[in-house]
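Working notes for the structure below.
Note: hydrogens, waters and symmetry copies are ignored here, and every other heavy atom, side chains too, is used. Both counts, for ligands and for their atoms, begin at 1 and track the order of listing.
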Amino acid sequence: MKIAPSILSADFARLGEEVRALTAAGADYVHVDVMDGHFVPNLTFGAPVMKALRKHSPLPFDVHLMIEPVDHLIPAFAEAGADIVTVHAEATRHLDRSLQLIRSLGKKAGVSLNPATPESAIAYVLDAVDLILVMSVNPGFGGQSFIPSQAEKIANIKRMIGSRAIEIEVDGGVTPATAKICAAAGADVLVAGSAVFATPDYAANIAALRG
Ligand code: DX5
Ligand code: ZN
């Protein structure tokens, strides 16, 4: 199981240090939550901040774009050093085009689904994605509770992708207890904000999620 700590729960006044600490603590990806105050009711940071963080870690940067519209900002995140760029199926009118754009920039393409969006929304883009991000909370804030219905969606997606090389990532309310549910359903990567930053021992917190 890969763990992708979300820097949404980091100390924003010390972001570079926090990214270095996560790297030393055994994180697999650095999860970057980009919010626009429109698609989601909260605002975080953009490509310039991500670019400044890039030099603090060799880990893959896993960029979760909660932005609508999104296509016009994808190149900026690619240039800023993203490795995986994930867009929301609900936030782009032409999902297939957005995913093609990400791959055309040499990046891995991810698609995310809000809790209310059925897995059928991505049935015809499976060959265009490298990662599927199942939101187990309504996006916008850290520290929310895992929505149990999403376990079934994870399992359904696991069946849908068959032998394709697609990672299933789960984001929101991940704790050592809900991590087990995600693992049983077929998740490959867990995003965690609160659970990783809850105490100063990030390595222990990451290890606890890995199970
Ligand atoms: C929510 C973000 C998540 C968030 C998870 O909109 O996409 O990545 O940081 O935070 P926790 O782990 O606290 O639920
Ligand atoms: Zn996220």
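Here is the list of ligand 1 atoms found below 4.0 Å of a heavy atom in Ser6: 8 (O), 9 (O). Within ligand 1, counting atoms from 1 as listed, the ones closer than 4.0 Å to a heavy atom of Phe141 are 1 (C), 6 (O). Taking a cut-off of under 4.0 Å to the non-hydrogen atoms of Asp33, the atoms of ligand 1 that pass are 2 (C), 3 (C), 4 (C), 7 (O), 8 (O), 9 (O). The contact set between ligand 1 and Ala192, taken as ligand atoms under 4.0 Å from a residue heavy atom, comprises 12 (O). Ligand-side atoms of ligand 1 in range of His31: 8 (O), range being under 4.0 angstrom from any heavy atom. Atoms of ligand 1 lying under 4.0 Å from any heavy atom of Met35, numbered from 1 in the order shown and given with element: 6 (O). Ligand 1 places these atoms under 4.0 Å from at least one heavy atom of His64: 7 (O). Against a heavy-atom cut-off of under 4.0 Å, Ser194 is close to the following atoms of ligand 1: 11 (P), 12 (O), 13 (O).
Between Arg164 and Asp127 there is a salt bridge, since a side-chain N of the basic residue sits under 4.0 Å from a carboxylate O of the acidic one. Between Glu167 and Lys2 a salt bridge is recorded (basic side-chain N to carboxylate O distance below 4.0 Å). By the 4.0 Å N-to-carboxylate-O rule, Asp83 lies close enough to Arg54 to be salt-bridged with it.
Of the polar atoms of Val191, none of the N or O atoms is found under 3.5 Å from an N or O of ligand 1, judged by distance alone. Where the criterion is an N or O separation shorter than 3.5 Å, residue side chain and backbone included, Met66 fails it with respect to ligand 1. Checking only distances, Asp171 does come within under 3.5 Å of ligand 1, N or O to N or O.
The protein heavy atom nearest to atom 14 (O) of ligand 1 is Gly173 N, 2.8 Å. Atom 10 (O) of ligand 1 has as its closest protein heavy atom Gly142 CA, 3.5 Å. Protein heavy atom at the shortest distance from atom 12 (O) of ligand 1 is Gly193 N, 2.8 Å. Nearest non-hydrogen protein atom to atom 6 (O) of ligand 1 is Gly140 N, 2.7 Å.
If you look at Asp33 and ask which of its N, O or S atoms sits nearest the Zn ion (ligand 2), the answer is OD1. Nearest N/O/S atom of His64 relative to the Zn ion (ligand 2): this is ND1. For the Zn ion (ligand 2), the nearest N, O or S atom contributed by Asp171 is named OD2.
If you take CE on Met35 and NE2 on His64, they are separated by 7.5 Å, rounding to the nearest 0.5 Å. In this structure, CD1 in Ile161 is found 8.0 Å from CD1 in Ile157, a value given to the nearest 0.5 Å.
One hydrophobic cluster, built from ILVMFWY side chains closer than 4.5 Å, holds both Val87 and Val63.
A donor-acceptor distance shorter than 3.5 angstrom exists from the side chain of Asp36 to the backbone of Glu68, with no hydrogens or angles considered. No donor-acceptor pair under 3.5 Å is formed between the side chain of Glu169 and the backbone N or O of Val191. The backbone N or O of Ala4 lies less than 3.5 Å from no partner atom in the side chain of Asp28, so there is not a single donor-acceptor pair.
When each of Leu126, Ile132, Ile166 is checked for a side chain to side chain contact (heavy atoms under 4.5 Å, CB included) with Met160, only Leu126 meets the rule.
When the shell of 6.0 Å around CZ of Arg97 is examined, it contains 12 or fewer heavy atoms from other residues, nucleotides or ligands.
For Ala195, the closest heavy-atom approach to ligand 1 does not fall below 4.0 Å.
Counting only heavy atoms from C-beta outward, the side chains of Thr178 and Val170 never approach each other to under 4.5 Å.
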